[in-house]
Amino acid sequence: MPLLNILRFPDSRLHKIAKPVTVFDHRLKRLVADMAETMYEAPGIGLAATQVDVHERLIVIDTSETRDDLRVFINPEIIWASEEKQVFEEGCLSVPGIYDGVLRHARVKARALDTDGRHFEIDADGLLAVCIQHEMDHLVGKVFVEYLSPLKRNRIKQKFLKEEREERRHGQKATLR
């Protein structure tokens, strides 16, 4: 069971816009640790604070095969993106079991802060570039299914609403609002 509850699409809280982090303290470091543990246990390769109902500009990512290369991005911004784009098969911890192709920039340069408030920049391509873009979308209230056709998006929404009704009927905790 993940340490933090991951919101599930189409929960309206996933559409909240995250606010910048301004305090770099023990609470922030604990949140980063809890998010990392939740992401690894889920299992996933990225998690935005929005997905755990914390509306601050914070994402954690680990795209390594060995799951030992945690990257923390606080107040991230993309400062450059390649003109070249590519379609990547994406999934999301907030949309479990759903995967589809999304067109994204092939390479990006991101700027962010670490947990001590120090600036850094990173050049990313491939899976890391896709993951940064995907997780940053969460911070502005966008879920990857919004890149899909309205028909696909509606089918996914109906699937999760049906699952929520079933969970309620069987006395399980529902997580959608």
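Bear in mind that the values here come from a model prediction, so they are computed numbers and not experimental data.
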Inset, instruction - Please write out which residues are connected to Met136 in a hydrophobic cluster, directly or through intermediates, given that two of Ile, Leu, Val, Met, Phe, Trp, Tyr count as joined at side-chain heavy-atom separations below 4.5 angstrom. - result: Ile59, Ile61, Phe73, Ile78, Val108, Phe120, Ile122, Leu128, Ile132, Leu139
Inset, instruction - Among Ile, Leu, Val, Met, Phe, Trp and Tyr joined by side-chain contacts under 4.5 Å, find the other residues sharing a cluster with Leu103 and list them by chain and number. - result: Val87
Inset, instruction - Check the pair Glu164 / Arg8 against salt bridge (Lys or Arg N to Asp or Glu O under 4.0 Å), numbers first and verdict last. - result: CA-CA 10 Å; Glu164 177 193 14; Arg8 198 168 68 183; over 6 Å; no
Inset, instruction - List the atom of Thr38, the atom of Leu4, and the distance in Å for their closest heavy-atom pair. - result: OG1-N, 3.0 Å
Legend entry - Distance in Å, His119 NE2 paired with Ile74 CD1, rounded so as to fall on 0.5 Å steps: 11.0 Å
Inset, instruction - Tell me, please, which residues at least two apart from Asp25 pass salt bridge (charged side-chain N to carboxylate O under 4.0 Å, His left out). - result: none
Inset, instruction - Show the numbers, then the answer: is there a salt bridge (Lys or Arg N to Asp or Glu O under 4.0 Å) between Glu84 and Arg107? - result: CA-CA 8 Å; Glu84 177 192 355; Arg107 295 180 316 282; 3.1 Å; yes
Legend entry - All pairs passing ring-ring contact (aromatic ring centres under 6.0 Å, His included) where residues 22-51 contributes a residue, at least two apart: none
Inset, instruction - Apply the test side chain to side chain contact (heavy atoms under 4.5 Å, CB included) to residues Val32 and Val60: give CA-CA distance (whole Å), side-chain angles for both, the deciding distance (0.1 Å), then the verdict. - result: CA-CA 7 Å; Val32 166; Val60 295; 4.2 Å; yes
Legend entry - Evaluation steps, side chain to side chain contact (heavy atoms under 4.5 Å, CB included), between Leu14 and Phe9: CA-CA 7 Å; Leu14 288 168; Phe9 179 80; 4.3 Å; yes
Legend entry - Reported OG1-to-CG distance for the pair Thr63 and Leu127, which is rounded to 0.5 angstrom: 5.0 Å
Legend entry - Approximate separation, where rounding is to 0.5 Å, of Ile98 CD1 and Lys152 NZ: 10.5 Å
Inset, instruction - Quick one: closest heavy-atom pair of Ala106 and Ser82, and the distance? - result: N-OG, 3.3 Å
Legend entry - Non-hydrogen atoms of Thr50 and His138 that approach each other most closely: OG1-O, 3.4 Å
Inset, instruction - Any chance you could measure Gln158, atom CD, to Ile156, atom CD1, to the nearest 0.5 Å? - result: 11.5 Å
Inset, instruction - Tell me, yes or no, whether the heavy-atom count around Glu65 atom CD, taken from other residues, nucleotides or ligands under 6.0 Å, exceeds 12. - result: no
Legend entry - Qualifying ring-ring contact (aromatic ring centres under 6.0 Å, His included) pairs with a residue from residues 74-100, counting only residues at least two apart or across chains: none
Legend entry - Enclosure of Lys157 NZ (heavy-atom neighbours >12, cutoff 6.0 Å): no
Inset, instruction - With salt bridge (Lys or Arg N to Asp or Glu O under 4.0 Å) as the test, would you mind laying out the steps for Glu166 and Lys162 before giving the verdict? - result: CA-CA 6 Å; Glu166 291 295 317; Lys162 180 181 178 189; over 6 Å; no
Legend entry - Face-on cation placement of Lys142 at Tyr147 ring, 6.0 Å and 45° thresholds: yes
Inset, instruction - Mind checking the CG-CD spacing from Leu58 to Glu135? Nearest 0.5 Å is all I need. - result: 10.5 Å
Inset, instruction - Treat each ILVMFWY residue as a node, draw an edge where side-chain heavy atoms are under 4.5 Å apart, and state whether Leu47 and Leu113 are in one component. - result: yes
Legend entry - Contact summary for Val140 and Ile17, nearest pair of heavy atoms: O-CG1, 3.9 Å
Inset, instruction - Test side chain to side chain contact (heavy atoms under 4.5 Å, CB included) on Arg30 and Asp34 and set out the steps. - result: CA-CA 6 Å; Arg30 179 79 253 155; Asp34 290 347; 2.9 Å; yes
Legend entry - From CG (Leu31) to CD (Glu56), nearest 0.5 Å: 6.5 Å
Legend entry - Heavy-atom closest contact (Ala129 atom, His105 atom, distance): CB-O, 4.4 Å
Legend entry - Check: Glu77 main-chain N/O paired with Arg111 side-chain donor or acceptor under 3.5 Å: no
Inset, instruction - Considering non-hydrogen atoms only, spot the tightest contact between Phe160 and Pro10 and give its length. - result: CB-CD, 4.0 Å
Inset, instruction - Check the surroundings of atom CZ in Arg67: do more than 12 heavy atoms from other residues, nucleotides or ligands lie under 6.0 Å from it? - result: yes
Inset, instruction - Evaluate side chain to side chain contact (heavy atoms under 4.5 Å, CB included) for Glu41 paired with Leu3, printing each intermediate quantity in order. - result: CA-CA 8 Å; Glu41 192 170 319; Leu3 183 62; 5.7 Å; no
Inset, instruction - Quick one: which residue pairs count as a side-chain hydrogen bond (donor to acceptor under 3.5 Å, both in side chains) with a foot in residues 86-96, not counting sequence neighbours? - result: Gln51-Ser94, Glu90-Arg104, Glu90-His134
Legend entry - Expected output: side-chain Asp62 to main-chain Asp69 donor-acceptor under 3.5 Å: yes
Inset, instruction - Using the rule that two of Ile, Leu, Val, Met, Phe, Trp, Tyr join whenever any of their side-chain heavy atoms come within less than 4.5 Å, decide whether Ile6 and Val54 are in one cluster. - result: yes
